[in-house]
Protein chains: 2
Amino acid sequence: MIEKIATIEDVAEHAGVSIATVSRALHKPHVVSESTREKVQTAIAATGYTANVMARNLRLNRSGMILLLVPDIGNPFFSEILSGIEQGASKAGYNVLIGDTQNEPEREATYAAYLRSNQADAMILLNGRLPAPLANTPRGIIPPVVIACERIPGCNLPTVIIDNEKAAHSATKHLLDLGHSRIAHIAGPASNILTTDRVAGYRRALSSSGIEANPSLIYSGDFSIESGISAARALLKDSKNRPTAFFCSSDGMAIGVIVAAKELGLRVPHDVSVVGFDDIHLAANYDPPLTTVRQPRRRLGEQAISLLLARLDKTGTIPEPAENPVIVPTELIIRQSTGPCPN
Amino acid sequence: MIEKIATIEDVAEHAGVSIATVSRALHKPHVVSESTREKVQTAIAATGYTANVMARNLRLNRSGMILLLVPDIGNPFFSEILSGIEQGASKAGYNVLIGDTQNEPEREATYAAYLRSNQADAMILLNGRLPAPLANTPRGIIPPVVIACERIPGCNLPTVIIDNEKAAHSATKHLLDLGHSRIAHIAGPASNILTTDRVAGYRRALSSSGIEANPSLIYSGDFSIESGISAARALLKDSKNRPTAFFCSSDGMAIGVIVAAKELGLRVPHDVSVVGFDDIHLAANYDPPLTTVRQPRRRLGEQAISLLLARLDKTGTIPEPAENPVIVPTELIIRQSTGPCPN
DNA sequence: GCCTCTTGTGTAAACGTTTTCATTATCTAT
DNA sequence: ATAGATAATGAAAACGTTTACACAAGAGGC
């Protein structure tokens with residue numbers, strides 16, 4: 001009484017038809033007669049048949065998988081992006097396979113090989129780096145890959161990002177408008193392209209107000225609360241020339257700055273103003289509620305997957321450049337962590 | 001000059017051997033002679049061969065996929081669990097396929113069918129519910145499924161959870177020890193098994209201190225900050241019999257309570273103490289830092305995947321019951337949101 | 001009544017692997 | 001020398017599908 005999984009052959013036998021007919025009854029019902037269609041249906045029900053997807057995919061030379069390369073799946077920042085992607089993919093009949101690269105190029109390469117080995121039909125990169133095997137794709141052939149979150153300079157694959165320079169500019173401008181002039185910037189890791197773009201926006205805002213950016217006011221963090229704390233401790237130590245405002249490249253670091261400020265008995269925003277980046281869920285309920293640049297993470301994911309699906313639909317066709325990269329808009333959310341410059 | 005992907009046949013031809021030999025050179029190198037092994041290696045390099053995983057899996061009747069059913073991938077709570085799972089799976093050569101069920105039984109059923117259709121070798125359930133197709137598995141056959149996070153009553157599949165009753169007890173006990181007696185509980189959704197368990201722990205702690213649980217002090221939230229805010233507003237309104245302490249079933253709701261308390265000019269912990277649950281990353285850096293029950297999310301994921309891998313290794317063998325469920329320990333982290341009962 | 005067109009079905013090839021079995025060549029022990 | 005073991009390889013079956021092609025039967029037009 002061994003449990004044997006029913007194959008298409010069992011169904012065919014049970015219905016008294018050929019396996020071809022069973023297959024057709026399932027995928028091209030209109031070419032098979034009403035009566036046999038019914039026979040097949042009852043046979044399927046009787047046998048408990050479920051098509052072996054692997055066999056099917058082998059034949060059709062597709063996998064139905066979309067591979068998603070993420071630097072760290074443990075980072076909640078990605079979860080909402082992921083959700084947007086998953087939803088779109090699922091609606092189109094694709095499954096999402098997560099590849100956690102841990103920022104290791106080797107793992108990126110391993111996963112990128114999934115495309116060649118038919119384990120995935122397409123790929124979305126959230127990791128800001130082109131995996132090695134992809135870099136030497138023969139010219140003229142455009143791999144089914146979409147880049148999201150972090151643009152990759154010199155790579156003209158379809159991309160969906162926010163305008164980091166502009167967002168940083170508007171955040172800094174907000175502080176300038178409040179009368180601040182000693183504005184510190186807690187940036188991301190230097191290696192990161194986001195950092196470059198946001199520093200540029202910060203600089204442009206300052207210089208258009210006639211202020212020269214002071215390099216000693218720019219700190220490199222790693223997006224974490226802890227790095228925000230230590231940056232702020234260092235910058236606020238010197239009570240004489242301390243900055244009156246901080247523009248931080250993540251909400252985490254902004255929170256770190258606030259923690260450090262409170263530690264020193266400074267009030268936010270009375271003594272020091274703080275702007276974050278991302279608008280994580282807690283930003284609105286921190287104390288004080290955080291002024292920040294909202295990053296539409298779900299939209300980012302949705303755009304990425306829809307770009308990819310469009311690409312997959314017209315395989316073979318040379319996709320018109322369209323607008324590339326696609327920019328999803330950010331929004332400066334003004335809450336209570338920013339206020340006028342003291343005296 | 002069409003890009004044609006090399007198959008094992010191309011390699012065989014290039015090396016002047018049969019495809020069987022190529023396959024053996026790759027998977028059983030010891031049975032093939034040194035010289036041909038080399039020939040095959042150079043042929044592989046020359047052709048750029050990558051094995052077609054789908055064909056391989058079809059033949060081997062496996063998929064190398066572990067399906068992970070999550071109620072909402074957008075919820076950051078799961079990201080660290082996921083990370084633990086992904087790491088273990090990846091080390092064992094498995095890929096993780098995420099199934100976002102949105103709490104819809106229909107989607108759960110769809111995904112559970114992946115097991116039958118060979119799209120996944122095994123499954124981990126984080127959603128606290130047995131998908132319908134799994135419920136009527138013939139007795140005696142144990143499907144390769146592990147349950148994590150939320151136990152499923154009456155289901156004796158391998159399970160890894162925390163002891164919610166005990167954790168809730170220790171959190172409540174902490175408040176009792178500080179002299180509180182009017183202790184409110186902001187619970188999760190009533191339908192949730194976590195809620196039942198934690199309410200039980202809360203009740204047991206009270207009654208062992210000779211206090212009778214007051215039903216009007218128990219509120220049902222949905223784990224969100226917002227639900228914590230509205231619960232606390234309602235409970236703190238009556239300044240006469242207001243609770244002096246809150247035990248909340250999530251850090252989000254605890255933060256909501258603090259927000260609402262501050263709104264009313266109450267100080268935490270001076271006027272009201274608050275305990276959360278989960279120990280999310282921000283808990284330590286909220287104002288005040290949150291006393292909470294730490295839930296080892298990564299460990300949870302690691303345990304789940306290792307249970308599953310053990311199960312997969314000894315297929316056919318009847319797995320000894322072992323300790324089931326596996327309990328991963330929680331820890332009460334005392335920070336500054338709790339203090340002695342006022343007056 | 002014959003040709004053609006349509007409709008429904010079956011046969012068999014193909015997808016790219018792994019593995020059983022048979023075959024040959026080489027080696028060891030008598 | 002010869003039987004028997006050992007080592008290396010190839011031929012072909014199998015995994016479970018989809019689909020090109022062939023075929024039979026009935027319908028319609030002359």
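Everything numeric in this text was worked out from a predicted model, so none of it was measured. Here is the naming used below: chain letters follow the sequence lines, and residue numbers restart at 1 for every chain.
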> R62(A) has an atom CZ; how far is it from atom P of dA14(C), in whole Å?
Replying inline: 23 Å
> For the pair made of CG in N57(B) and C1' in dT17(D), what is the distance, rounded to whole Å?
Replying inline: 15 Å
>> From CD1 of I8(B) over to P of dC15(D), roughly how many Å is that when rounded to an integer?
In response: 19 Å
>> Nearest whole Å is fine: how far is dG16(C) C1' from L60(B) CG?
In response: 12 Å
> For the pair made of CD in E13(B) and C1' in dG16(C), what is the distance, rounded to whole Å?
Replying inline: 15 Å
> Just how far is it from atom CD1 of I147(B) to atom CG of L69(B), taken to the nearest 0.5 Å?
Replying inline: 11.5 Å
> Checking all strands, does N61(B) fall into the base, sugar-phosphate, or nothing category for heavy-atom contacts under 4.0 angstrom?
Replying inline: nothing
> Rounded to the nearest Å, what distance is computed from the CD1 atom of residue I5(B) to the P atom of nucleotide dG16(C)?
Replying inline: 10 Å
>> Applying ring-ring contact (aromatic ring centres under 6.0 Å, His included), can you list everything that pairs with Y111(B), at least two apart in sequence or on another chain?
In response: Y114(B)
>> Just verifying a value: how many Å separate N127(A) CG and T101(A) OG1, rounded to the nearest 0.5 Å?
In response: 5.0 Å
> Is there a donor in the side chain of S83(B) and an acceptor in the side chain of R297(B), or the other way round, less than 3.5 Å apart?
Replying inline: no
> Is there a donor-acceptor contact under 3.5 Å from the side chain of R129(B) to the main chain of N103(B)?
Replying inline: yes
>> As a test of reading the structure: which of dC15(C), dT17(C), dC15(D) is closest to the side chain of L58(A), going by heavy atoms?
In response: dC15(C)
>> Testing the 3.5 Å rule here: is there a donor-acceptor pair between the side chains of D121(A) and S63(A)?
In response: yes
> CZ of R56(B) versus C1' of dC15(C): gap in Å, rounded?
Replying inline: 17 Å
Look for any protein N or O under 3.5 Å of an N or O in nucleotides 24-27 of chain D and output each such pair with its distance, or none.
none

>> Measure CE/M54(B) against P/dG16(D) and give the value in whole Å, please.
In response: 16 Å
>> As a quick check of understanding, evaluate side-chain hydrogen bond (donor to acceptor under 3.5 Å, both in side chains) for N156(A) and N324(A), giving each step before the final call.
In response: CA-CA 8 Å; N156(A) 53 4; N324(A) 196 19; over 6 Å; no
> So, is the end of the R62(B) side chain (NZ or CZ) under 6.0 Å from the ring centre of Y94(B) and within 45° of the ring's axis?
Replying inline: yes
Pick out the pairs of N or O atoms, protein on one side and nucleotides 5-11 of chain C on the other, that lie under 3.5 Å.
residue: dT9(C); atom: OP1; partner: S33(A); partner atom: OG; Å: 3.2
residue: dT9(C); atom: OP1; partner: T36(A); partner atom: OG1; Å: 3.3
residue: dT9(C); atom: OP2; partner: S33(A); partner atom: N; Å: 3.0
residue: dT9(C); atom: OP2; partner: S33(A); partner atom: OG; Å: 3.4
residue: dT9(C); atom: OP2; partner: T36(A); partner atom: OG1; Å: 2.9
residue: dG10(C); atom: OP2; partner: S18(A); partner atom: N; Å: 2.9
residue: dG10(C); atom: OP2; partner: S18(A); partner atom: OG; Å: 3.1
residue: dG10(C); atom: OP2; partner: T21(A); partner atom: OG1; Å: 2.6
residue: dG10(C); atom: N7; partner: R24(A); partner atom: NH2; Å: 2.8
residue: dG10(C); atom: O6; partner: R24(A); partner atom: NH1; Å: 3.1

> Rounded to the nearest 0.5 Å, how far does CZ of R24(B) lie from OG1 of T36(B)?
Replying inline: 9.5 Å
